[in-house]
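Whatever order the structure lists ligands and atoms in, that order sets their numbers, starting from 1. Treat the numbers as computed from the prediction; the structure is a model and nothing was measured.
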Amino acid sequence: MATATTVDWEPVIGLEVHAQMRTKTKLFCGCANRFGDAPNTNVCPVCLGLPGSLPVMNGQAFDFALKTALALNCEIARFTKSDRKNYYYPDLPKNYQISQYDLPFSSKGWLDIVLPGGEKKRIGITRVHLEEDAGKLMHDELGGGSGVDLNRAGTPLIEIVSEPDLRSPAEARAYMEALAQLLEYLGVCDCNMQEGSLRCDANVSIRPPGQAKFNTRREIKNMNSFRFVEAAVEKEIAEQKGIYASGGAVRQETRLFNGQTGEIRTMRAKEEASDYRYFPEPDLPPIHVSEEKIAKLKGSTGETPEQRLERYLGELKLSEKDAGVLTEHKEYGDFFEQLLKEGIEAKAAANWVISDAQGVLNDRKLGIESCGVDAQAQAALLKLVQAGTINRATAKEKVFPAMLETKKSAEQIVKDQGLAQVSDSGAIEKTVGEVLAAEAKLVADYMSGKDAVVNALFGRCMKALKGQGNPQVIRPILEQKLKAMRDAK
Ligand code: ADP
Ligand code: MG
Ligand code: ZN
């Protein structure tokens with residue numbers, strides 16, 4: 001007999017993502033929109049909700065939101081308005097949030113994502129709308145008591161609501177990653193998850209396969225990492241399976257995920273739209289969006305991550321892996337292209353950005369664009385490798401770190417530290433001869449047919465040349481000598 005536990009439940013997931021717009025100022029006032037300042041220093045009567053103050057819409061925030069909606073293939077409403085969403089909470093001094101209810105400025109879009117298996121899937125976008133963020137409550141930071149920091153109050157947010165089209169925790173994560181990548185490319189959000197500039201609510205239900213109707217969902221609020229979204233959805237699915245298995249019913253609820261413990265707890269019974277007493281915001285005029293504006297913003301979206309990937313694979317003939325890493329973050333691809341402009345060949349530039357430079361920069365927690373050594377200077381270093389003046393390992397391990405520290409040119413450092421590689425075949429012949437004389441055991445292994453020891457011997461030669469030998473000269477000399485020894489036996 002089939003019991004509830006043997007039913008292979010199908011997860012149904014829809015995500016609501018809140019992204020902070022990277023505008024200079026807040027949504028309805030001139031206060032700086034900046035993270036990390038001392039609490040309550042970027043505030044004014046408008047974002048403090050003082051009586052008599054009036055909001056003015058930030059044009060850049062509106063354009064950013066519109067641009068995002070266009071990039072998500074949404075239909076743009078020609079007439080749109082703001083609404084008050086009323087609730088009382090200490091981080092919301094006005095006791096309402098200005099949001100959009102029944103006439104959002106965009107709807108019915110989609111985002112194509114690549115699933116973990118490599119397959120493509122189109123995820124529906126229900127709507128994109130603009131709203132203001134609330135402040136931030138501080139409980140532990142003060143060492144007793146609670147406080148509120150209202151610097152964040154009034155920060156422009158776009159809310160992007162997906163259709164319930166996602167079918168697994170991995171799909172939910174892939175969608176969120178693709179969305180973050182797009183927002184970063186558009187330049188509308190810095191997607192700094194630790195600072196909370198991208199946050200996600202996950203709506204989850206499960207149904208028996210073949211059932212057309214969706215079951216009741218529960219919503220997990222406010223997660224700020226891809227990993228948490230995936231883990232929370234996974235856990236929520238397991239909990240709902242447990243409820244159905246024991247004959248229970250899932251009630252609509254709002255829940256909280258604890259990233260440290262992996263637990264989810266119920267925060268409150270789900271609120272309905274009517275609980276918020278929405279009504280049209282009387283202090284802001286409705287907005288008519290012109291065709292000209294739409295056309296102009298459409299032209300400003302630039303290359304999408306997908307288009308860039310296609311170009312790297314097709315035109316530049318990069319491997320899937322290299323192209324994937326370079327397009328993952330816009331900064332990588334942008335820098336890579338600067339190296340190409342400086343005359344570095346695509347494969348060498350890709351190796352540098354993805355592997356050699358990245359290794360050095362990660363250790364120092366630096367970004368390739370913000371490390372203080374620009375693309376021109378890094379290209380000059382790669383040209384020394386191209387010309388055979390130094391080898392790749394020296395560039396990575398010695399010259400680049402010194403460039404970061406001293407800001408001197410690659411050429412200067414190579415000269416000062418005597419790092420130019422040894423290409424002189426006479427000197428290399430001599431060293432190889434000495435190494436072979438000293439490594440009797442390895443040579444004997446080679447003689448008995450173990451060809452792989454050539455690599456170990458190569459390493460010994462390189463070490464004897466202080467890492468500065470030219471591999472293109474060492475290897476043939478080494479191989480020639482070994483072969484001659486074997487032939488002479
Ligand atoms: P609310 O404000 O009540 O959370 P929204 O319309 O903003 O409602 O968001 C609803 C989200 O829940 C959407 O992402 C939608 O795809 C998703 N959703 C709706 N019904 C279900 C369901 N039965 N199971 C899973 N997700 C659902
Ligand atoms: Mg919701
Ligand atoms: Zn303000």
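Of the N or O atoms in Ser162, one or more lie within a sub-3.5 Å distance of an N or O in ligand 1. Inclusion of Ile13 in the set of residues having an N or O under 3.5 Å from an N or O of ligand 1 is not warranted.
With respect to Met267, the side-chain contact (heavy atoms from CB on, under 4.5 Å) criterion is satisfied by exactly one of Lys221, Arg255, Glu253: Lys221.
Using a 4.0 Å cut-off between heavy atoms, Glu219 contacts ligand 1 through its side chain alone, with no backbone atom that close. For Thr126, no heavy-atom contact with ligand 1 is shorter than 4.0 Å.
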With a cut-off of 3.5 Å and sequence neighbours excluded, list every side-chain donor-acceptor pair involving residues 314-321.
residue	atom	partner	partner atom	Å
Lys317	NZ	Gly314	O	2.9
Ser319	OG	Asp322	N	3.1

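Asn33 and Thr25 form no side-chain donor-acceptor contact under 3.5 Å, judged by distance and modelled atom types alone.
Geometrically, Arg84 engages Tyr96 in a cation-pi contact defined by less than 6.0 Å to the ring centre and at most 45° from the axis. Judged by the 6.0 Å and 45° rule, Lys85 forms a cation-pi pair with Tyr276.
At the Zn ion (ligand 3), the vertex angle linking SG of Cys44 with SG of Cys47 is 120° (nearest 10 degrees).
Counting atoms of ligand 1 from 1 in the listed order, those under 4.0 Å from a heavy atom of Glu163 are 16 (O). In the vicinity of Ser205, heavy-atom distances shorter than 4.0 Å reach the ligand 1 atoms 22 (C), 23 (N), 24 (N), 25 (C).
Applying the 6.0 Å contact sphere to CZ of Arg78 captures more than 12 heavy atoms from other residues, nucleotides or ligands.
Relative ring orientation between Phe62 and Phe105 is described as tilted, the plane-to-plane angle lying within the 30° to 60° band.
Proximity annotation for atom 23 (N) of ligand 1: of Asn215, Val161, Val12, Asn215 comes nearest, heavy atoms only. In the candidate list Arg218, Arg217, Lys85, Arg217 is nearest to atom 19 (C) of ligand 1, counting heavy atoms.
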